[in-house]
Amino acid sequence: MKRYGEHRFPGKLFVVEGIDGSGKSTQLVLLHQWLKAEGYGVVFSEWNSSPLVRNITKRGKKKHMLTPATFCLIHATDFADRMERNIIPLLKAGAVVLCDRYIYTAFARDVVRGMDPKWVREIYSFAPKPTVTFYFRVPLEVAMKRLINGRNGFKFYEAGMDLELSQDAEESFHMFQGRIIEEYEKMVPEFEITVVDATQPVEAEQAQMRQLVKSKLAQAKRLRVAP
Amino acid sequence: MRETYGVVLPGMSLADLTGKLIVIEGTDGVGRSTQIDLLKPWLEQQGRAVVDTGLTRSALAGKGIKQAKEGHTLGPLTLSLFYSTDFTDRLESEIVPALRAGFVVLTDRYIYSLMARAMLRGLDVSWLRNAYSFALKPDAVFYLRIGVDDLIPRVVFSRGFDYWESGMDLHPSEDMYESFRKYQTALLARFEELAKEYNFEVIDASADVSTIFRHLRDGIARVLSGEPQEPLFGVEPPKDVPETAGEKKTVEMPPSRKAAASEENEQRNKENVAS
């Protein structure tokens, strides 16, 4: 059983992390387009998207059945399924894999929900270490403003309503995300995460990402996929 | 106070878990559920409230695991974490509340089966120990021990070989018989290691149903006798259990006792009405 940092793959793994409204998904979509155009065999994987598991998570969330422990474990199950069936084989084959959220999302959320930090890190210790992890650092107020314009209301777990911080969803979301940011900040040095100033214009952030990704791919053999 | 094997889950108070947690462990087809079906009424006869639980019975993940296993595409980590989700849901929403209410919780397998299976599929013992370190330490673990030669006929003449219990995901090129033998032999060896590490009480499961039941009953009575509460009735197996030759035949509850029991029930009903 290989642990974090012990895997040796020809493929490359790039990860984006950050709170909702930080703009990380937009940036990953742009990176994906660029890599495809450059001719790389590139695959995109989203948090909580395993076909075997995600409906269970969805139902558990809808019915408010999830405790901090089961919330953690069902997401770990989803992640493990994507790793075992999809991401690890792709990395072995030499693909470029892009992940929208990775183990650091779990570390932040689960620890805020009261799970033991060491325990959660050990649970996810089977995850390969990313080539680069980009953390989109954004002040909470900026992210909130982006989100409130774009959607109506917050979902129960998304706003951390299970923590009973506040009866008001918007206020709860605010408090919950504030704590998530604190956890992310602790992880930046712990996991050698690359910080992106997410208050910049979209193009500036993308340019920073492409430059770093390019330098990492320069050393890699390019996996050509048939058009 | 009750303990876990390491970490404590958020919101789970370990104080006042006054019930008893009793684990029945053993491999597939060894007769665990038969025994639990006998133990439950026996405990209830003595006035003990009983909750029984077992793998894949959680409201959250039980159905999902069964569906996913149909596809035969689960990797070892996914399988292990899926079972862990199921276990945790039952621990938090079934086992702990029942222990808090003073129930006897009979569980058909516990973390040990999950660990043994996962070890065979290549997961590290240290990873598994951590993953299940929030589990409550049970009051007793009864391990139904059987050799693979005694196990095979039981499985063949009952429901036949199951894909996963035969380890077909590990030896896909083998026929099911060979794979079952290989897999169960390895699994039983893991159980022996766990038996030492976690102090299982070992029961010879090659014996007949009633002998195994008697051993379990005596063991459980011992665990329960630490409590001040007096049993309502004597410790007798239910009448439909055939006893082995040479053993005293179990008779139906004596009429005097039956009368006493129904009187007590009536008395209790009256009290309930009064209050």
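By convention in this document, chain letters (A, B, ...) are assigned in the order of the sequence lines, proteins followed by strands, and residues within each chain are numbered from 1.
Considering only heavy-atom pairs separated by less than 4.5 Å from chain A, the leading option among B:V8, B:L81, B:L123, B:T78 is B:T78. Most heavy-atom pairs under 4.5 Å with chain A, from the set B:S80, B:P76, B:S58: that is B:P76. The candidate from A:S50, A:A69, A:C72 with the greatest count of non-hydrogen atom pairs under 4.5 Å with chain B is A:A69. Of the listed residues A:D78, A:T77, A:I74, the one with more heavy-atom pairs under 4.5 angstrom with chain B than any other is A:T77.
Interface residue A:D116: only side-chain heavy atoms are found under 4.5 Å from chain B. For a residue to count as touching a neighbouring chain, one of its non-hydrogen atoms must lie under 4.5 Å from one of that chain's; by this rule B:S126 touches chain A with backbone and side chain alike. Contact of A:R3 with chain B is made through the side chain alone, with heavy-atom distances under 4.5 Å. Interface residue B:L77: backbone and side-chain heavy atoms are both found under 4.5 Å from chain A.
Between B:R100 and B:D16, no side-chain nitrogen of the basic residue sits less than 4.0 Å from a carboxylate oxygen of the acidic one, so the salt-bridge criterion is not met.
When each of B:F87, B:F191, B:Y143, B:F200 is checked for a ring pair (Phe, Tyr, Trp, His ring centres under 6.0 Å) with B:Y112, only B:F200 meets the rule. Partner A:Y135 forms a ring pair (Phe, Tyr, Trp, His ring centres under 6.0 Å) with one of A:Y102, A:Y184, A:Y104 and no other, that one being A:Y184.
Here A:T105 contributes atom OG1 and A:N48 contributes atom CG; the two are 10.5 Å apart, rounded to the nearest 0.5 Å.
Side-chain N or O atoms of A:H174 include none that pairs as donor or acceptor with a backbone N or O of A:E170 at under 3.5 Å.
Both the sub-6.0 Å distance and the 45° axial angle are satisfied by A:R121 relative to the ring of A:F107.
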